[in-house]
Amino acid sequence: MDEAGTALDGVTGETDGSLAVVTHAPELVLSRRRLARRSGGADLTLIARVSCLDFCDLRGTKVLMRSSSGEAWEEEIVAFNGAENETREIAVFVGSDVGAYSWTATYRDAGDDGRPAHSEVTSTVSFEYRPHAVSLATWGASLPAVVGQTVIVRIGAKCADGCCLGGAGFRVCDDGGREVAAGVLSEAPREGTDGLYGAEASFAAPEELGVHRYTVVLDAFDGHNEARSTFAFLVIEEPSCKIDVTVTDEDAGDPIASARVSLHPFVETTGSDGRTVLPADIGKGTLRVVAKDYEDELLSLVVAGDTELHVALKRKPEDVGDF
């Protein structure tokens with residue numbers, strides 16, 4: 001403050017009538033430096049910076065920290081670069097409870113013989129913990145399903161933030177929401193995937209014929225949103241016939257494994273011996289055989305009863321590229 005009593009920038013003056021006490025007006029910034037999510041919450045790193053227009057070295061003084069949960073502690077200012085003072089990095093933990101969290105830093109210093117006083121200033125950092133999104137997929141449901149027989153569906157789940165989902169519980173619900181199966185995800189991700197946790201669920205096909213839509217539900221847990229995936233399957237009566245199909249290489253005669261054999265609405269896959277048994281109903285239909293590296297084969301059939309069928313596939317020509 002000058003002789004006329006005018007306040008100078010960043011400085012206030014108090015007087016007892018004889019001696020003016022100079023108090024600097026500092027600036028305080030509490031900022032978020034890093035966030036590392038982990039199972040059960042997240043680790044948040046903060047840092048507090050204090051500065052004033054007179055470039056005061058405030059090392060050794062303290063910043064008071066308070067959390068929204070009521071915890072309070074002090075952090076010492078340990079660094080000064082000629083313009084700004086800094087505390088060390090301040091590590092705080094954000095729990096898995098969804099909601100808003102905040103931390104407030106307060107700085108005030110009464111000064112000493114070699115350092116002027118600094119008035120009180122505060123700064124707050126807020127963080128809102130939102131549930132993690134989970135992607136849920138289903139595949140491999142039996143096509144079609146026979147009344148009363150077992151239906152198997154495969155399940156895969158992945159957290160958008162890469163969290164471990166091992167052991168998380170799921171349930172399978174029918175068209176009316178009734179639980180028909182339950183289980184837990186694998187403890188480790190599926191091999192060859194980036195954090196996809198899998199499982200299988202099985203249940204008896206319903207008695208009612210037609211298309212059914214069931215839902216797999218992964219309930220909300222440990223800071224993760226609920227996830228759902230719906231799959232459809234056809235329920236039919238027991239087929240009246242069976243076709244014993246053998247698939248081989250047309251030239252070598254070797255059995256072809258993993259060939260997909262279908263006769264609507266039935267689909268089966270050959271084993272290592274090139275064989276599979278395909279359900280069928282009496283009547284006309286088109287049999288389709290598909291295998292990797294082979295030409296597709298379509299056969300018109302008239303099914304009159306149980307039968308055996310040999311299908312020889314022609315290998316696709318090799319791609320020799322441009323000459």
Side-chain angles (χ1 to χ4, degrees), residues 133-159 165-187 189-190 193 196-221 224-245 258-271 275-290 301-309:
V134 176
S135 300
L136 186 64
T138 53
W139 68 94
S142 305
L143 297 173
V146 176
V147 170
Q149 292 188 0
T150 300
V151 178
I152 298 176
V153 62
R154 293 179 176 84
I155 299 162
K158 181 178 179 179
C159 172
L165 301 181
F170 66 85
R171 49 197 170 91
V172 182
C173 300
D174 64 13
D175 312 67
R178 182 178 64 90
E179 183 178 304
V180 297
V184 296
L185 298 176
S186 58
E187 290 297 332
R190 290 170 58 92
T193 69
L196 182 68
Y197 292 80
E200 284 189 355
S202 60
F203 53 90
E207 299 294 326
E208 183 180 352
L209 303 181
V211 177
H212 292 263
R213 290 177 173 82
Y214 281 24
T215 301
V216 177
V217 181
L218 190 69
D219 290 321
F221 74 100
H224 291 79
N225 274 329
E226 176 188 88
R228 290 173 175 257
S229 179
T230 299
F231 62 97
F233 59 98
L234 176 66
V235 176
I236 62 171
E237 293 179 337
E238 180 75 35
S240 56
C241 306
K242 294 179 181 179
I243 304 176
D244 191 334
V245 182
S258 301
R260 183 181 173 91
V261 183
S262 61
L263 180 64
H264 185 76
F266 306 101
V267 181
E268 297 291 345
T269 303
T270 60
R275 294 186 58 204
T276 189
V277 176
L278 185 69
D281 287 317
I282 292 175
K284 296 180 179 181
T286 300
L287 183 85
R288 184 178 186 183
V289 183
V290 178
L301 297 181
V302 177
V303 181
D306 293 347
T307 187
E308 295 182 358
L309 184 65

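In this chain, numbering begins with 1 at the start of the sequence shown.
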| field | Full working for side chain to side chain contact (heavy atoms under 4.5 Å, CB included) between Cys241 and Ile282 | value | CA-CA 7 Å; Cys241 306; Ile282 292 175; 3.5 Å; yes
| request: List the steps and the verdict of side chain to side chain contact (heavy atoms under 4.5 Å, CB included) for Ile243 and Val261. | output: CA-CA 11 Å; Ile243 304 176; Val261 183; over 6 Å; no
Calculate, to the nearest 0.5 Å, the distance between atoms [atom1] and [atom2] belonging to [X] and [Y] respectively.
X      : Y      : atom1 : atom2 : result
Thr138 : Phe170 : OG1   : CZ    : 11.0 Å
Glu179 : Thr215 : CD    : OG1   : 12.5 Å
Arg288 : His264 : CZ    : NE2   : 13.5 Å
Ile236 : Gln149 : CD1   : CD    : 9.0 Å
Leu309 : Asp244 : CG    : CG    : 9.0 Å
Leu209 : Glu237 : CG    : CD    : 5.0 Å

For [X] against [Y], the heavy-atom pair lying closest together:
X      : Y      : answer
Asp281 : Pro239 : OD1-CA, 3.4 Å
Ile155 : Ala201 : CD1-CB, 4.1 Å
Pro279 : Glu268 : CD-OE2, 3.9 Å
Pro144 : Phe266 : CD-CD2, 3.6 Å
Glu187 : Tyr197 : O-CE2, 3.6 Å
Ala232 : Arg213 : CB-CG, 3.9 Å

| Val172 side chain near Phe231 side chain, heavy-atom distance below 4.5 Å | yes
| Do Glu208 and Asp175 touch side chain to side chain, with heavy atoms closer than 4.5 Å? |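 When only atoms from C-beta onward are counted, Asp175 and Glu208 do not touch, as no gap falls below 4.5 Å.
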| message | Thr270 vs Thr276, test: side chain to side chain contact (heavy atoms under 4.5 Å, CB included). Steps then yes/no. | response | CA-CA 5 Å; Thr270 60; Thr276 189; 4.1 Å; yes
| query | Can you find a side-chain donor-acceptor pair between Ser258 and Thr269 that sits under 3.5 Å? | reply | no
| request: Determine whether the side chains of Thr150 and Ser202 contain a donor N or O and an acceptor N or O closer than 3.5 Å. | output: no
| field | The single option from Leu218, Val180, Val217, Val216 passing side-chain contact (heavy atoms from CB on, under 4.5 Å) against Arg171 | value |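 By the side-chain contact (heavy atoms from CB on, under 4.5 Å) criterion, Arg171 pairs with just one of Leu218, Val180, Val217, Val216: Val217.
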| request: Name the orientation class of the two ring planes belonging to Phe233 and His212 (parallel below 30°, tilted from 30 to 60°, perpendicular beyond 60°). | output: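 Ring orientation of Phe233 relative to His212: parallel.
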| message | Does Tyr214 form a side chain to side chain contact (heavy atoms under 4.5 Å, CB included) with Thr230? I'd like the steps, not just the answer. | response | CA-CA 6 Å; Tyr214 281 24; Thr230 299; over 6 Å; no
| task | Look at atom CD of Glu308 and say whether more than 12 heavy atoms of other residues, nucleotides or ligands are closer to it than 6.0 Å. | result | no
